[in-house]
Amino acid sequence: MRRSEFFLPTLKEIPSDAEVLSHQMMVRGGLIRRLASGIYSYLPLGWRVLHKVIKIVREEMDAAGGQEVLLPAIHPKELWDESGRWELYGEDMFHLLDRRKKSFCLAPTHEEAITNLVRSEVRSYRGLPLLLYQIQTKFRDEPRPRFGIVRCREFLMKDAYSFHRDENSLQETYKKVYNAYEKIFKRCGLDCEIVEADPGLIGGGLSHEFMVLAHNGEDVLVLCKKCGYKANADKRTDDICQAGNTKKKQSKELKEVKTPGMTTIEQVSEFLKVEPSTLVKTLIYFADENPVAVLIPGDREVNEAKLKSKLGATTINLASPQQIEKLTGAPVGFSGPVGLKLKMIADYSISGMVSFVTGANKNDTHLINVNIDRDFKIDEFGDLKIAIDGDPCPKCGGTLEVKTGIELGHTFNLGTRYSESMKATFLDENGKEKLMVMGCYGIGVSRIIAAVIEQHNDENGIILPISIAPFPVTILPLNMNDENQKTLAEDIYSDLRFEGIEVLLDDRNEPAGVKFKDADLTGIPIKVILGEKSLKEGKIEIQLRSTGEKLKVEKSKLIDEVKRLIKV
RNA sequence: CGGGGUGUGGCGCAGCUGGCUUAGCGCGCUUGCUUUGGGAGCAAGAGGUCCCCGGUUCAAAUCCGGGCACCCCGACCA
């Protein structure tokens, strides 16, 4: 490709609406442009990168035994009613009406569509297992699109679905896909953490997320250096951590104290001269219209994702001041568990606490020397806090580190969540009808590009690995008025193309600096530089974007050298 | 949806507090000449419903009301 003819608008300045580094660089580098919030066009350069990523994903999915399909992006409402997810997805789904006013959606995911297909075509155990995948645009009316291409309302996803006769077969395929994912991210030059996750709206049992650590990640992970435990910070650890000892003897007498106007933890702890950690915060939530009191230590916050999954609720909301007053008899800031007639759920850490401070459900009043069991009962304990750096590891007791990352892949053990609601069954060798066991596996394909850029960049711009570079090589004749450089550039250009190498020839009549800056910004891995300096010595210079390394090679060896650099 | 912010040639911004000229600057763009190892120089140019609607006023980019769009922080997810 000739740069003079290539549609590649690069920007000198940072676009004002791009806060995150990868977003800024993708816009400046001419990879993408925004059309609306969370909706982006891919320009030729960005589309080339996306193509490279798609190729890698496709190769590894095929190698794992997957077969590619293409499912519709528009689905009728009835399909989603079968699984009950039309309601569940709600506003997060783009809805539309056809000319006869029949309801459709732009598909945010394809469990229903694939299950519909497979249930009608596969009737026998002989047709199983089956691993089908597609690479397709997904539509989600995200409440908050952000970080450029990281969280979009229209984005490219690879989604795969597997169907099995039993759990064992699912595990086999699950492992294959898991391994394929590791290879995909590695080939894209990404360093990936695989963590245990909460399956969320997709449903099912154990699931894993493939995360790239990034400062601008929107997911929070906890990592234990000691035992290697890794999980999404929203994943409850109830299964592995236990409630502490609640039997500690406490004889101090329960007492009311006046705390006029003190509605915050800070005010109360300062007034009573105690640490915030010795207070217990009582928060009133509504879980699908049912009020519940949530108890956590005064210095901690509730992780609403954990709470939601603990309560098995679809929506969860903090009660309003009016509702609180109605339910507890006191204004906000004075809620407490003693005498409260609500379902009571507490974080595990509360179980080990004795003689703590709580609200008294009475205006301007708190209680001191409060103790569980003696003064009130907890219905249920669970892991409900937002994890913070230094928390104990739920598995080994070591110290947890909290990091942020970008979720690139998610694998789910769906079990029979969809085959049951949608009646996807088959006959086994005994002629018995059974439910198919399913798995599903997603990769945010477009998002991978942002993740790579977050991990690989410098002050000059993007640094791309050869594997996903739009062009592995660019030729920079520094002075287009120099006939010698010009013809040499043309010769190298046709030689490289003859070798089947994609190359960008910067044939613009621009100063050297412009060419260097553009090449760096767009992240092209190998620069072939034709300038007076090296040509005087009869040599051609090669610069590597990743290391800044400069090589000088004989003209006759150039093509072989470039081929060698591309191979590694 | 709650909280915060922004909207002025293609891009980045100033002007708005305290209303009045022809709305300015940098980058980019066009033409010519010069230049060519890290976003080059000189000269001449093109390009604007100041987000939209309404109000106040002799007069609004500027003040007031409403709306829209976009960004950031929270709840959702690949």
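- The side chain of A:Tyr40 sits closest to B:C71 out of B:G37, B:C71, B:C76.
- Across all strands shown, B:G32 forms a Watson-Crick or G-U wobble pair, both distances under 3.5 Å, with B:C42.
- Across all strands, A:Val445 comes closer than 4.0 Å to no nucleic acid atom at all (heavy-atom distances).
- Aromatic pair A:Tyr89/A:Phe94: ring centres not closer than 6.0 Å.
- Closest contact between the side chain of A:Ser16 and the listed nucleotides B:A75, B:C76, B:G12 involves B:G12.
- If you check every strand for non-hydrogen atoms under 4.0 Å, A:Phe147 touches sugar and phosphate atoms only.
- A donor and an acceptor atom never sit less than 3.5 Å apart when one is taken from the side chain of A:Glu13 and the other from the base of B:G28.
- Donor-acceptor pairing under 3.5 Å, judged by distance alone, is present between the side chain of A:Arg151 and the base of B:C77.
- Across all strands shown, A:Arg28 has heavy atoms under 4.0 Å from base atoms, whether or not it also approaches the sugar-phosphate.
- Nucleotide B:G2: paired with B:C73 (Watson-Crick or G-U wobble, both distances less than 3.5 Å).
- As rounded to the nearest Å, B:C25 and B:U31 have P atoms that lie 23 Å from one another.
- Atom CZ of A:Arg85 is separated from atom P of B:C76 by 16 Å (rounded to the nearest Å).
- For A:Tyr133 and A:His110, the gap between ring centers reaches or exceeds 6.0 Å.
- Residue A:Asp518 is in base contact, counting any heavy-atom pair closer than 4.0 Å across all strands shown.
- Checked by atom type, the side-chain pair A:Tyr161/A:Asp159 shows a donor-acceptor distance below 3.5 Å.
- For A:Asn509, taking side-chain heavy atoms from C-beta onward, the closest of the listed nucleotides B:G39, B:U36, B:C71 is B:U36.
- Annotation: B:A61 and B:C16 have their P atoms spaced 14 Å apart (nearest Å).
- Here A:Trp86 and A:His95 bring their ring centres to under 6.0 angstrom of each other.
- Residue A:Arg146 places its side chain closer to B:C72 than to any other of B:C72, B:C77, B:U36.
- Nucleic acid contact class of A:Glu209 (heavy atoms, under 4.0 Å, all strands): none.
- The C1' atoms of B:G66 and B:U56 are separated by 15 Å, rounded to the nearest whole Å.
- Across B:G12 and B:G28, the matching P atoms stand 15 Å from one another, rounded to whole Å.
- Stacking of the aromatic ring of A:Phe155 onto the base of B:A78 is found: the ring centres lie under 5.5 Å apart and the planes are inclined by under 30°.
- Of the candidate nucleotides B:C76, B:G39, B:G38, B:C76 has the atom lying nearest to any side-chain atom of A:Glu218.
- Counting distance only, with no hydrogens placed and no angle test, the side-chain atoms of A:Glu541 and the base atoms of B:G37 include a donor-acceptor pair under 3.5 Å.
- Rounded to whole angstrom, the span from the CG atom of A:Leu35 across to the P atom of B:C71 amounts to 12 Å.
- In this model, the phosphate group of B:G28 is approached by a side-chain N or O of A:Lys12 to a distance below 4.0 Å at OP1 or OP2.
- Taking the P atoms as reference points, B:G38 lies 50 Å from B:C53, given to the whole Å.
- With respect to A:Arg545, the side chain to side chain donor-acceptor pair (under 3.5 Å) criterion is satisfied by exactly one of A:Thr474, A:Asn460, A:Asp458, A:Thr522: A:Asp458.
- Using a 4.0 Å heavy-atom distance criterion, A:Glu301 is classed as making no nucleic acid contact.
- Across all strands shown, B:G37 remains unpaired; no Watson-Crick or G-U wobble contact has both distances below 3.5 Å.
- When Watson-Crick and G-U wobble pairs are counted only if both distances are under 3.5 Å, B:A23 pairs with no nucleotide at all.
- For the pair A:Asp482 CG and B:U35 C1', the computed distance is 14 Å after rounding to whole Å.
- Taking atom P on both nucleotides, B:G65 is separated from B:U6 by 16 Å, rounded to a whole Å.
- Residue-level contact check: A:Ile14 touches the backbone only, with heavy atoms under 4.0 Å from sugar-phosphate atoms and none from bases.
- On the C1' atoms, B:U30 is 10 Å away from B:G47, given to the nearest whole Å.
- In the model, A:Tyr181 has a side-chain atom that pairs as donor or acceptor with a side-chain atom of A:Lys158 under 3.5 Å.
- As rounded to whole Å, 12 Å separates atom P of B:G39 from atom CD of A:Glu510.
- The side chain of A:Glu19 lies closest to B:C72 when the candidates are B:C72, B:G38, B:U36.
- At whole-Å resolution of the value, CD1 in A:Ile529 and P in B:G38 are 11 Å apart.
- Between A:Tyr178 and A:Phe210, the distance separating the two ring centers is shorter than 6.0 angstrom.
- Checking A:His410 against A:Ser207 by side-chain atom types alone, a donor-acceptor pair falls below 3.5 Å.
- RNA chain B is contacted by both A:Gly442 and A:Glu91; A:Glu91 maps to the nucleotide lying nearer its 5′ end (nearest heavy atom per residue).
- Counted by atom type alone, A:Glu483 and A:Gln485 present zero donor-acceptor pairs between their side chains at under 3.5 Å.
- Nearest nucleotide to the A:Arg34 side chain, out of B:C76, B:C70, B:A40: B:C70.
- Note on A:Ser446: nothing from the nucleic acid sits closer than 4.0 angstrom, heavy atoms only.
- Remark: P of B:A69 and CG of A:Asp17 are 16 Å apart, rounded to the nearest angstrom.
- A donor-acceptor contact under 3.5 angstrom links the side-chain atoms of A:Asp219 to the base of B:C77.
- Using bins of under 30°, 30° to 60° and over 60° for the plane-to-plane angle, the ring pair A:Tyr441/A:Tyr174 lands in the tilted bin.
- B:G15 and B:G48 have their C1' atoms separated by 15 Å, with the value rounded to a whole Å.
- Among the atoms of the strands shown, only primed sugar atoms or phosphate atoms (P, OP1, OP2) are found under 4.0 Å from some heavy atom of A:Leu408.
- Of the listed nucleotides (B:A40, B:A78, B:C73), B:C73 has the atom at the smallest distance from the side chain of A:Arg144.
- For the pair A:Met157 and A:Pro145, both in contact range of RNA chain B, the more 5′-proximal nearest nucleotide belongs to A:Pro145.
- If you measure from atom CG of A:Asn232 to atom P of B:A75, you get 12 Å, rounded to the nearest angstrom.
- Residue A:Thr10 places its side chain closer to B:G39 than to any other of B:G37, B:G39, B:A78.
- Between A:Tyr89 atom OH and B:C77 atom P there is a gap of 8 Å when expressed in whole angstrom units.
- Considering only the side chain of A:Asn479, B:U36 comes nearest among B:A78, B:U36, B:G38.
- With a cut-off of 3.5 Å on both Watson-Crick or G-U wobble distances, the partner of B:G65 is given as B:C53.
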